[in-house]
Amino acid sequence: MEKREELYRGKAKTVYTTDDAERLILQFRNDTSAFDGEKIDQLERKGMVNNKFNHFIMQKLEQAGVPTQVDALLSDTESLVKKLEMIPVECVVRNVAAGSLVRRLGVEEGIELNPPTFEFFLKNDKLHDPMINESHIVTFGWATEAHIAEMKRLTFKVNEVLKALFADAGMLLVDYKLEFGLAGEQLVLGDEFTPDGCRLWDAETKTKLDKDRFRQGLGGVVEAYEEVAKRIGVEL
Ligand code: ADP
Ligand code: UDP
C-alpha cells in the first residue's frame, strides 16, 4: 500500500490518498482540541492509543454486523480505511446525561436516560456544530430519509454492542458521537470511535476516563485512555 498525497488535515487526524482509489490512510495525531478548536494541545502517545483503540472497536462492531470503514492497522498511528463520501452530520446517543444535554435542558449530570436519547448535529465548526433535525437533513440534502433511518438504526446497534463491552470492563458508556459515509450505495461507519468522541466513566467511582479530562483540565488524559484500552483488551 503506497501513501500518496495529503487529502485533508483535520483537528486530530490527517487523511491521505493511496494507490488504491477506494482506500485512504487515516493518521491519528497527538493534537487534541476542544470547544470547536479553541483549546488545543499536543498529548504524547495519544495518536498511537487512539489509532489502536479505534481499530479494535471498529473490528468488534464489524463482527457484530455493523458495516465499518475498517481495513488494516498499518503502523502505530496509521490505519487503512475504506474511502467514504462523508455525510456531514454527527449522530449522538446518550445513556446518561452529560455535556451539552445538561447545559441545554438543565437536567442533572449523571441521571440515567431511559430510553437513550438520539440527536443529530451538523458538522460545522464555524457554526459550533448546531443541533439539527431530520427535516433539516432532508431539506438541505445532507442525507436521504432512508440514510437517516439507517444511521439511527446503526447508531443504536453500536450502543447495544459497546454498552455491554464497556460494562463488562467496569465502565459506563455515557454518550458518543458517530459519523457515517457512503461507499457506493452502502452506508458505512467512518471516522473514529475513541475516548476523544465519547464519554466513559468508571462504573463504581464515576471517574471520567475520556476527553472531558482535557476539556475540564483534569490532567491524566492519555493515561485515562490507556486505562480504558487496557481494561477492554486493546494491545498498545
Ligand atoms: P475534523 O474534521 O472534525 O477536524 P479529524 O481531524 O478527525 O476531524 O479529521 C478527519 C476527517 O476525515 C473528518 O473530516 C472525517 O469526516 C473524515 N473521514 C473520516 N473517516 C473517513 C473515511 N473513511 N473516508 C473519508 N473521510 C473520512
Ligand atoms: N462529540 C464529538 N465531537 C463533537 C461533538 C461531540 O466527538 O464535535 C462527542 C462528545 O465527546 C460526547 C458526545 O459527542 O461524547 C456528546 O457531546 P455533547 O453534545 O455533550 O457536546 P460537548 O459538551 O461534549 O461539546
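Because only heavy atoms are used, hydrogens play no part in the values below, and waters and symmetry mates are left out as well, while side chains stay in. All values derive from a computational prediction rather than experimental measurement. Whatever order the structure lists them in is the order used to number ligands and atoms, beginning at 1.
Those atoms of ligand 2 that come under 4.0 Å of a heavy atom in Arg199, given as number and element, are 12 (C), 15 (O), 16 (C), 17 (O), 18 (P), 20 (O), 22 (P), 23 (O), 24 (O). Remark: ligand 1 atoms within the under-4.0 Å shell around heavy atoms of Gly10 are 4 (O), 5 (P), 6 (O), 9 (O). With ligand atoms numbered from 1 in the order given, ligand 2 contributes 4 (C), 5 (C), 8 (O) to contacts under 4.0 Å with heavy atoms of Glu90. Proximity to Gly99 (heavy-atom distance under 4.0 Å) selects the following atoms of ligand 2: 20 (O), 23 (O). Every atom of ligand 1 with a heavy atom of Glu179 under 4.0 Å away is listed here by number and element: 15 (C), 16 (O). Of all the atoms in ligand 2, the ones that sit under 4.0 Å from a non-hydrogen atom of Asp196 are 7 (O), 11 (O). Shown in contact with Lys82 at under 4.0 Å from a heavy atom are these atoms of ligand 1, numbered in order with element: 22 (C), 23 (N), 24 (N). Near Leu24, the atoms of ligand 1 lying under 4.0 angstrom from a non-hydrogen atom of the residue are 24 (N), 25 (C). Heavy-atom contacts of Cys198 reach the following atoms of ligand 2: 11 (O), 15 (O) (cutoff under 4.0 Å).
For ligand 2, the polar-atom distance check finds an N/O of Arg215 within less than 3.5 Å of one of the ligand's N/O atoms. In terms of polar-atom proximity, Ala12 is counted as a contact of ligand 1, with an N or O under 3.5 Å from an N or O of the ligand. The shortest N or O to N or O distance between Val81 and ligand 1 is not below 3.5 Å. Looking at ligand 1, you'll find an N or O of Asp191 within less than 3.5 Å of one of its N or O atoms. The shortest N/O to N/O separation between Glu119 and ligand 2 does not fall below 3.5 Å.
Cluster annotation: Leu101 and Trp201 are assigned to distinct hydrophobic clusters (Ile/Leu/Val/Met/Phe/Trp/Tyr, side-chain heavy-atom contacts under 4.5 Å, transitive). Residues Ile87 and Leu24 do not share a hydrophobic cluster, clusters being chains of Ile/Leu/Val/Met/Phe/Trp/Tyr side chains in contact below 4.5 Å.
Between Phe156 and Phe118, the ring planes lie tilted relative to each other; the angle falls in the 30° to 60° range. Between Phe193 and Phe166, the ring-plane angle classifies as parallel under the 30° and 60° cut-offs.
Summary of contacts: the protein heavy atom closest to atom 18 (P) of ligand 2 is Ser100 OG, 3.3 Å. With hydrogens left out, the protein atom closest to atom 2 (O) of ligand 1 is Tyr8 OH, 2.8 Å, a heavy atom. With respect to atom 8 (O) of ligand 2, the closest heavy atom belonging to the protein is Asp129 OD2, 3.0 Å. Taking atom 26 (N) of ligand 1 as the reference point, the nearest protein heavy-atom neighbour is Met86 CG, 3.4 Å. Nearest protein heavy-atom neighbour of atom 25 (C) of ligand 1: Leu84 O, 3.2 Å.
Contacts with ligand 1 closer than 4.0 Å are made by side-chain heavy atoms of Lys123 only, the backbone lying farther away. In Lys13, the parts holding a heavy atom less than 4.0 Å from any atom of ligand 1 are both the side chain and the backbone. Both the backbone and the side chain of Asp175 come within contact range of ligand 2, each with a heavy atom under 4.0 Å. Of all the heavy atoms of Lys11, the ones lying under 4.0 Å from any atom of ligand 1 are found in both the backbone and the side chain. Contacts of Val15 with ligand 1, taken as heavy-atom pairs under 4.0 Å, involve the side chain alone.
In this structure a side-chain-to-backbone donor-acceptor pair under 3.5 Å is missing from Gln69 to Val188.
Ionic pairing of Lys211 and Glu192 is not present here: no N-O contact between side-chain nitrogen and carboxylate oxygen is shorter than 4.0 angstrom. A salt bridge between Arg213 and Glu223 is absent, with no side-chain N of the basic residue lying under 4.0 Å from a carboxylate O of the acidic one. The residues Glu119 and Arg104 are annotated as salt-bridged, a charged nitrogen and a carboxylate oxygen being separated by less than 4.0 angstrom. Using a 4.0 Å cut-off between charged nitrogen and carboxylate oxygen, Glu227 and Arg231 count as a salt-bridge pair.
Between Asn51 and Ser79, the side chains place a donor N or O and an acceptor N or O closer than 3.5 Å (distance only, hydrogens not considered). Judged by distance alone, the side chains of Gln42 and Asp31 do bring a donor and an acceptor atom under 3.5 Å apart.
Comparing Arg94, His128, Arg103 against atom 23 (O) of ligand 2, the shortest heavy-atom distance belongs to Arg103. Among Lys11, Lys177, Lys123, the residue whose heavy atom sits closest to atom 3 (N) of ligand 2 is Lys177.
Considering all non-hydrogen atoms of both residues, Lys39 and Phe214 come closest at NZ-O, 2.9 Å.
In this structure, Gly181 does not count as a contact residue of ligand 1, since none of its heavy atoms falls inside 4.0 Å of the ligand.
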- [ ] Apply side chain to side chain contact (heavy atoms under 4.5 Å, CB included) to the pair Ile25 and Leu80, showing each step before the final yes or no.
- [x] CA-CA 5 Å; Ile25 291 173; Leu80 188 66; 3.9 Å; yes
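Here the rule is side chain to side chain contact (heavy atoms under 4.5 Å, CB included) with Thr68, and of Gln59, Glu62, Lys60 only Glu62 fits it. When Asn114, Asp175, Asn159, Thr117 are each tested for a side-chain hydrogen bond (donor to acceptor under 3.5 Å, both in side chains) with Asn95, only one passes: Asn159.
No side-chain heavy atom of Asn30 sits under 4.5 Å from any side-chain heavy atom of Arg45.
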